[in-house]
Amino acid sequence: MKVIAPMGKLLFLLAWITLLQVLCTIAAEGGTACHCLPEPPEPQYGGGIVRNADFSAGLQGWSSFGYGSLTDGASPAGNRFAVATNRTRPYQSVSQKLLLQNDTHYTLSAWLQVSGGVADVRAVVKIAGDFIHAGGVAAKSGCWSMLKGGLTTTISGSGRAEIYFESNATADIWVDSVSLKPFTKEEWSTHRDTSAATARMKTVRLQATDSTGNPLPGAAVSLETVRNGFPVGAAMSSEILRNTAYQSWFVSRFKVATFENEMKWYSTEPSPGREDYTVPDAMLAFAEQHGIAVRGHNVFWDDPNQQPRWVQSLPYPQLLAAASRRIRSVVSRYAGKLIAWDVVNENLHYSFFERKFGWDASTAFYAAARMIDTGAGTLMFMNDYNTLEQPGDMAALPSRYMQRLKEITGGYPENGAGMAIGLEGHFTAPVNIPYMRAALDTLAQAGIPVWLTEVDVAGGASQAYYLEEILREAYAHPAVQGVILWAAWRPQGCYVMCLTDNEFNNLPQGDVVDRLITEWSTAQRPSGGTTDAEGFFQAELAHGEYKVTVTHPSLNASVSQSVKVEMGKGSHYFIQV
């Protein structure tokens, strides 16, 4: 096993797995993002439509579900809660019957604890013979964890309902501070618009001055958007290299791209040692030529079925050497040329490399990628699916994502710099918009950039409608810094969702994208005007880069200057003419 020399730093990193396990455990237990509290806070919104939401009246309004046992619990401090005990089935729990309104968004929150260890607990709403998953959390013994989720009722999914909590573990489930708050869709949209204005807009004062610094009253000011501060991009296929219509369509819309498959390991090294970067090199050159930023997708994919065929059966020494060659090859080739890397794809759901190298192989890969690509602006993403899309996928719960993120960042100082949250966003209809917002709220507490990296919606009559809802929800959330649509064009069809037909005429979902790009790129009020007596012109601008042009009777020509409007930066700009 003489593999030390070719492995370099990666082998050294993997050797620290035992130490990392201890460090990450300490970090996870001490972290605030887990929401693990000795006593739960009061119910949100006073409980909404939930009766006796804080159990101050004991079990009044509550009952056992699934022929389970239910008892009234109390903490030493006097806080009261419900305990589902003697559980032998996942669904045996505490429940309450409710009346749900038609076509309404509901936000859900609850504080949960289990009698021993850690257990996944899921909130379920039973209505009209259907069981709707509304959220979940990894609940712990000894402290309270917050479950945050939601659901949307439809015409057929309203009326009498029952909410309960389930877990595959047989531990007792403690429940407290439950809230289910209804919002009409109009109320929801109003809040979303207000949030978008706060998160994406800024009041800016431009002052026109002459060459000696004196203000210029009566100067005409016009604004032109150069680059939107909220990037909406798309996946790109290699078809763009040979299809001029595809090129024109893409370049006219998007400033960010992710290569669909062309940079993946199975594409660049189809047989051992025979690397071929011809296609991604050409795609990157095309992107650079047109000012399109590129995300690196991906260095590794933890799904065993997505490895190059020759990799799947390699014994340990050869696999370790191949993995080291892969990360050094692809990351060093494109270091400094990309805005991001999906370093280990989908490691909430899969564990190919962990099973081969040890439980914290992904942590070592992230550290190695950062050592190779040291660019301060290059983000290292943890990219996975169902954290936004599916409340029922317990492997991808926001709390599970946060736990995995802490494991990756907790062991090495290098991993803390430039980490980012990648949420694929492969949605099926109907889309649970309240759950999407709840998941983003939870993940935002990590304090690092969040992107929706592979957004699509399964086909159907409501595909375009739900796509717009998803994009507006992402735009309105202050933690989200960009969106990539997973709609790479190929003549044989797109992965799930296309934006155009094969002649590049927009489909309904393409119209949605164009409309929103235009709306967010021209979200400035007003677009032009005249400076006042002090030379000031005030406008509310969407974050981004603008070309400001000033014209004054004393000038022989107009003067233009670039202005960048960002969150947290100054709001006063001088335009010297």
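Side chains included, hydrogens not; waters and symmetry mates left out as well; all remaining heavy atoms used. Residue numbers count from 1 along this sequence.
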* Asked: Angle class for the Tyr164/Phe131 ring planes (parallel below 30°, perpendicular above 60°, tilted otherwise)?
  -> perpendicular
* **Pairwise disulfide bond (SG atoms under 2.5 Å apart) hits with a residue in residues 424-485, at least two apart** => none
* **Residues which pass side-chain contact (heavy atoms from CB on, under 4.5 Å) with Arg355, listed by chain and number, not counting sequence neighbours** => Ser351
* Considering only heavy atoms from C-beta outward, does the side chain of Phe381 approach that of Arg295 to under 4.5 Å? -> yes
* **Pairing residues for Thr428 by the side-chain contact (heavy atoms from CB on, under 4.5 Å) criterion, not counting sequence neighbours** => Gln390, Ala458
* Asked: For residues His477 and Arg472, is any side-chain donor paired with an opposing acceptor at under 3.5 Å?
  -> no
* Distance only, no hydrogens: is a donor on one side chain within 3.5 Å (strictly under) of an acceptor on the other, for Asp393 and Asn386? -> yes
* Anything under 30° is parallel, anything over 60° is perpendicular, the rest tilted; go ahead and classify Phe353 against Trp265. => parallel
* Structure fact -> With sequence neighbours left out, the residues meeting side-chain hydrogen bond (donor to acceptor under 3.5 Å, both in side chains) with Asn228 are none
* With sequence neighbours excluded, tell me which residues meet side-chain hydrogen bond (donor to acceptor under 3.5 Å, both in side chains) with Tyr385. => Tyr350
* Structure fact -> Quick note, disulfide bond (SG atoms under 2.5 Å apart) partners involving residues 45-147, not counting sequence neighbours, are Cys36-Cys143
* Structure fact -> Sequence neighbours excluded, the answer for side-chain hydrogen bond (donor to acceptor under 3.5 Å, both in side chains) partners of Lys185 is Asp103
* Going by distance alone, is a donor N or O of one side chain under 3.5 Å from an acceptor N or O of the other, for Gln92 and Arg89? -> no
Sequence neighbours excluded and cut-off under 3.5 Å, please list the side-chain donor-acceptor pairs for residues 71-78, or say none.
| from | atom 1 | to | atom 2 | distance (Å) |
| --- | --- | --- | --- | --- |
| Asp72 | OD2 | Arg80 | NE | 3.4 |
| Asp72 | OD2 | Arg80 | NH2 | 2.5 |
| Ser75 | OG | Glu39 | OE2 | 2.9 |
| Ser75 | OG | Ala77 | N | 3.3 |
| Ser75 | OG | Gly78 | N | 3.4 |
| Ser75 | OG | Asn79 | N | 3.1 |

* What residues form a salt bridge (Lys or Arg N to Asp or Glu O under 4.0 Å) with Glu454, not counting sequence neighbours? -> none
* Taking only residues two or more places apart in sequence or in another chain, which ones pass salt bridge (Lys or Arg N to Asp or Glu O under 4.0 Å) with Asp511? -> none
* Would you please name every residue forming a side-chain hydrogen bond (donor to acceptor under 3.5 Å, both in side chains) with Arg160, sequence neighbours left out? => none
* **Set of side-chain contact (heavy atoms from CB on, under 4.5 Å) partners for Gln60, sequence neighbours left out** => Asn52, Ala57
* Asked: Hey, mind stepping through Gln96 and Ser63 against side-chain hydrogen bond (donor to acceptor under 3.5 Å, both in side chains) and telling me if it holds?
  -> CA-CA 6 Å; Gln96 184 171 127; Ser63 60; over 6 Å; no
* Cation-pi between Arg370 and Trp341: NZ/CZ under 6.0 Å from ring centre and within 45° of the ring axis? -> no
* To do: Take the angle between the ring planes of Tyr475 and Phe230 and call it parallel below 30°, perpendicular above 60°, tilted in between.
  => perpendicular
